[in-house]
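What follows is a set of notes on a single structure, which appears directly below.
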Amino acid sequence: MSEKIKRHEFLKSLGLQGASLMAVYCGASTLSSCKNESSITPASSADFTLDLTQAAYSKLNTVGSYVVTQGIVVARVSSTAFAAVTQVCSHEGRPSVVYSNGGFYCPEHGASFDINGKGLNANGSRGLTTYKTALSGNSLRVYS
C-alpha cells in the first residue's frame with residue numbers, strides 16, 4: 001500500500017537540504033567561467049578631442065597618468081608624447097586595460113602591452129587596437 005504525501009508536506013520535508021540544493025542550482029547559473037563568452041569588440045574608428053584644461057582630462061598634463069574615455073585609454077607617456085589604445089583587452093574581450101609603469105596592462109589575467117599596443121606576454125600576444133594622437137595647445141585629438 002502506497003502512502004501519498006501532500007505537496008506542502010513534501011516541500012516542508014526537504015527543509016534545509018532542499019533550500020541548499022536550490023541555492024546551489026540558482027547560484028551556479030550566475031557564475032561565469034574564466035572565458036568571457038560575451039566579448040566586447042573595440043571601436044575600429046575614433047575621432048574626438050580632449051580639452052586638457054577640463055578637470056576630467058587634466059590628469060593628462062602629468063607624465064605617467066591616463067584617462068579612459070569613449071572606451072579608449074589615453075596615456076601621457078612622456079613630456080611630448082601620448083599613447084591611445086582600446087580599453088578592451090584582446091585576451092578575453094573585457095574592458096579592463098589600464099596604463100601602468102610605462103605600458104598598458106589588463107589586471108584580469110595579466111596581459112601586458114607596450115605603448116604601441118604590442119603584446120608583451122602570452123595573454124597579450126594578440127596586441128591592442130591603437131589610435132593616433134595629436135596635441136595642439138591644450139587640445140588632444142585622438143583618432144584612427
Side-chain angles (χ1 to χ4, degrees), residues 5-144:
I5 186 170
K6 292 183 180 178
R7 181 174 32 183
H8 176 70
E9 291 175 26
F10 171 75
L11 293 173
K12 191 174 170 182
S13 73
L14 289 177
L16 184 58
Q17 292 173 344
S20 298
L21 180 61
M22 286 302 291
V24 168
Y25 176 77
C26 294
S29 66
T30 62
L31 296 177
S32 63
S33 65
C34 184
K35 183 170 169 66
N36 185 359
E37 285 81 18
S38 60
S39 294
I40 299 170
T41 304
S44 58
S45 65
D47 195 353
F48 57 88
T49 302
L50 306 177
D51 180 351
L52 302 185
T53 64
Q54 290 184 352
Y57 308 117
S58 64
K59 289 174 67 175
L60 291 175
N61 291 312
T62 304
V63 174
S65 295
Y66 74 97
V67 297
V68 177
T69 183
Q70 300 184 36
I72 296 175
V73 182
V74 182
R76 181 87 182 231
V77 297
S78 75
S79 61
T80 59
F82 295 85
V85 301
T86 180
Q87 186 186 18
V88 179
C89 181
S90 59
H91 177 233
E92 289 191 356
R94 295 182 185 176
S96 302
V97 173
V98 296
Y99 181 75
S100 178
N101 298 318
F104 295 98
Y105 177 74
C106 180
E108 295 287 330
H109 294 100
S112 60
F113 312 88
D114 69 12
I115 61 169
N116 299 308
K118 179 184 174 201
L120 299 176
N121 61 10
N123 286 346
S125 64
R126 287 183 270 170
L128 294 173
T129 301
T130 60
Y131 305 92
K132 298 173 187 169
T133 61
L135 182 64
S136 177
N138 288 319
S139 296
L140 178 65
R141 181 178 176 212
V142 179
Y143 61 101
S144 308

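Counting from 1, the numbers follow the sequence of the chain as shown.
Across all non-hydrogen atoms, the minimal contact from Leu128 to Val88 is CD2-O, 3.6 Å. Here the shortest heavy-atom pairing between Val63 and Ser79 reads CG2-N, 3.6 Å. Listed here is the closest heavy atom pair of Phe113 and Gly119: CD2-CA, 3.8 Å. Nearest approach of Gly127 to Ser90, heavy atoms of both residues: O-OG, 2.7 Å.
Residues satisfying the side-chain contact (heavy atoms from CB on, under 4.5 Å) test with Ala56, not counting sequence neighbours, are none. Scanning for side-chain contact (heavy atoms from CB on, under 4.5 Å) contacts around Ser139 gives Thr49, with sequence neighbours left out. Scanning for side-chain contact (heavy atoms from CB on, under 4.5 Å) contacts around Val77 gives Ala75, Ala81, Ala83, Tyr99, Ile115, with sequence neighbours left out.
Tyr131 OH to Ile72 CD1: the interatomic distance, rounded to the nearest 0.5 Å, is 4.5 Å.
The list of side-chain hydrogen bond (donor to acceptor under 3.5 Å, both in side chains) pairs with a residue in residues 50-64, not counting sequence neighbours, reads Asp51-Thr53. For residues 60-83, no pair satisfies salt bridge (Lys or Arg N to Asp or Glu O under 4.0 Å), with sequence neighbours left out. The stretch residues 102-124 participates, sequence neighbours left out, in these salt bridge (Lys or Arg N to Asp or Glu O under 4.0 Å) pairs: Arg94-Glu108. Judged as a salt bridge (Lys or Arg N to Asp or Glu O under 4.0 Å), the pairs with a partner in residues 125-144 (not counting sequence neighbours) are, in order, Asp47-Arg141.
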Could you list the donor-acceptor pairs under 3.5 angstrom formed by side chains in residues 100-107, with sequence neighbours left out?
none

Next item on the list: Please assess Leu52 against Leu135 for the test side chain to side chain contact (heavy atoms under 4.5 Å, CB included), listing each intermediate value before the final yes or no.
Entry: CA-CA 10 Å; Leu52 302 185; Leu135 182 64; 3.8 Å; yes
Notebook entry, point to check: Could you walk me through whether Thr86 and Val97 pass the side chain to side chain contact (heavy atoms under 4.5 Å, CB included) check?
Noted result: CA-CA 8 Å; Thr86 180; Val97 173; 6.0 Å; no
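A 4.5 Å side-chain heavy-atom check between Thr133 and Leu140 finds at least one atom pair inside the cut-off.
A distance-only check finds a donor-acceptor pair linking the side chain of Asn121 to the backbone of Ser112 [under 3.5 Å].
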